[in-house]
Amino acid sequence: MVTPALFGPTDGHVPDVRRIAVLRANALGDFIFALPALEALRVSYPGAEIVLLGAPWHAKLWRDRPGPVDRVLVVPPAPGIRAPEPDEPQSAMDDFVAAAADEGFDLAVQIHGGGANSNPLVSRLGARVTVGLRAEDAPPLDRWVRYVYYQHEVIRYLEVVALVGAPATTIVPALAVIDADRAEAARVLGPAGRPRVALHPGATDTRRRWPAERFAEVARELHRDGYEVLVTGTPAEREVVDRVVAAAAGVPVRPQVGTLSLGALAGCYADCALVVSNDSGPLHLAAAVGASTIGIYWVGNLINSGNPLRGRHRPIMSWMVRCPVCGVDCTPGIYPHRPGDGECPHRDSFVTDVPVVEVLEAARDLLAG
């Protein structure tokens, strides 16, 4: 049990709560970081229904899955809330708000960001008590904690739910893997002839991508060590997966681009001996389902999302702070009193100074353990 006082006052328990809305409608890694806060709400409000205001993929992932979410309401795409998914039908935010208000939420929780767009939405739900994050440009909720960019995401959301008397029960995100996940993964991948490792060379932000050729070198070495190597990616990451496969130079790595649903990807990772990935949603999914992981991080991202445990996880950090193209120091962006521009238009990798040998040493240490 984590000491509740670590995350602020926890004496604000709201009485007679039957239904809780939680807004967290963004990407996979963002949702994984919210799981400890959702668990805290479940423990502190055991009789309440917890309704996640999320995206269509949340509804698919949470179908028949045990955990702290009872139901998903799909919130429409809107600026600062979420982008539309491919081929998603249009829906009106006003219609969604009217239907959500009829749910009779007693408590509405915003763990979606700084609140400029999300706090007005949460305030419209008609809940008895609203709670969440607040950046300087955001309107207040009934209870709020200041949004400060450099803070670990898990702790950020635990601070929010502590304001409604929900102390932390864990700081480690965990996602249940169900039989359907493993069954689908088995249908796609077939039986493993060797222990499996998975590499995930993609990341939405290209500045977080370790070079594909280095992933290929890791693939060659781990195959030589006796492992079957999978290379996972979304359809948008097909090009970088293809580069890893090509650079692996004859080693029989197995690309998996769009072949696995998100649940099946969880099942795949859960049965892998190791997952090596850039800082991305799949890295955090792998850790949440119990896989050992090596994450390649830019130093600033490590502050916000690095796994705090070392028994089964090795975050490997790049200290690069200047753009490799123009040399601008990109760290002063949120520190206006410091010298430097802080921003530049380039999106070249900020993690190229991580050498292959460090990743291989960490991989062999974890695999030996």
Side-chain angles (χ1 to χ4, degrees), residues 27-33 35 54-69 72 85-86 172-204 212 215-216 218-219 222-223 225-242 244-245 248 251-295 307 312-313 363 366-367 369:
L28 173 60
D30 301 312
F31 176 68
I32 296 294
F33 297 141
L35 287 170
W57 71 262
H58 291 103
K60 294 176 185 175
L61 179 67
W62 218 261
R63 189 175 299 132
D64 301 322
R65 191 174 305 275
V69 173
V72 176
E85 294 188 0
V172 180
L175 185 74
V177 177
I178 60 177
D179 291 343
D181 299 334
R182 285 194 162 95
E184 182 186 342
R187 285 195 301 272
V188 173
L189 300 174
R194 300 173 163 201
R196 282 178 175 148
V197 297
L199 311 182
H200 189 87
T204 303
F215 274 104
V218 171
L222 293 183
H223 180 267
D225 289 348
Y227 293 91
E228 179 183 14
V229 181
L230 309 177
V231 186
T232 59
T234 66
E237 295 165 340
R238 182 177 298 278
E239 184 270 337
V240 70
V241 170
D242 288 346
V244 173
V245 173
V251 171
V253 299
R254 299 183 59 188
Q256 301 296 320
V257 179
T259 59
L260 298 163
S261 70
L262 188 54
L265 186 65
C268 166
Y269 286 162
D271 290 334
C272 282
L274 178 68
V275 176
V276 182
S277 173
N278 298 315
D279 173 23
S280 63
L283 171 67
H284 307 301
L285 173 67
V289 298
S292 295
T293 68
I294 295 174
N307 195 297
R312 299 180 66 178
H313 306 287
L366 288 170
L367 291 167

Is any side-chain heavy atom of [X] less than 4.5 Å from a side-chain heavy atom of [Y]?
{"X": "V197", "Y": "V276", "result": "no"}
{"X": "Y227", "Y": "L274", "result": "no"}
{"X": "N278", "Y": "F215", "result": "yes"}
{"X": "V177", "Y": "R182", "result": "yes"}
{"X": "L175", "Y": "R65", "result": "yes"}
{"X": "P282", "Y": "V275", "result": "no"}
{"X": "T232", "Y": "L265", "result": "yes"}
{"X": "H200", "Y": "S280", "result": "yes"}

Calculate, to the nearest 0.5 Å, the distance between atoms [atom1] and [atom2] belonging to [X] and [Y] respectively.
{"X": "Y269", "Y": "L230", "atom1": "OH", "atom2": "CG", "answer": "9.0 Å"}
{"X": "D279", "Y": "H284", "atom1": "CG", "atom2": "NE2", "answer": "4.0 Å"}
{"X": "L262", "Y": "L28", "atom1": "CG", "atom2": "CG", "answer": "5.5 Å"}
{"X": "I294", "Y": "L199", "atom1": "CD1", "atom2": "CG", "answer": "9.5 Å"}
{"X": "Q256", "Y": "L189", "atom1": "CD", "atom2": "CG", "answer": "5.0 Å"}
{"X": "S261", "Y": "D181", "atom1": "OG", "atom2": "CG", "answer": "7.0 Å"}

What are the two closest heavy atoms between [X] and [Y], and how far apart are they?
{"X": "P201", "Y": "V231", "result": "CD-CG1, 3.7 Å"}
{"X": "V253", "Y": "A219", "result": "CG1-CB, 3.7 Å"}
{"X": "A185", "Y": "G267", "result": "CB-C, 4.3 Å"}

Test item: [X] side-chain N/O and [Y] main-chain N/O as donor-acceptor pair under 3.5 Å:
{"X": "H58", "Y": "A55", "value": "yes"}
{"X": "R238", "Y": "G258", "value": "no"}
{"X": "W62", "Y": "V69", "value": "yes"}
{"X": "E184", "Y": "G263", "value": "no"}

Legend entry - Pairing of D271 and R196 as salt bridge, 4.0 angstrom limit: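 No, this pair does not count.
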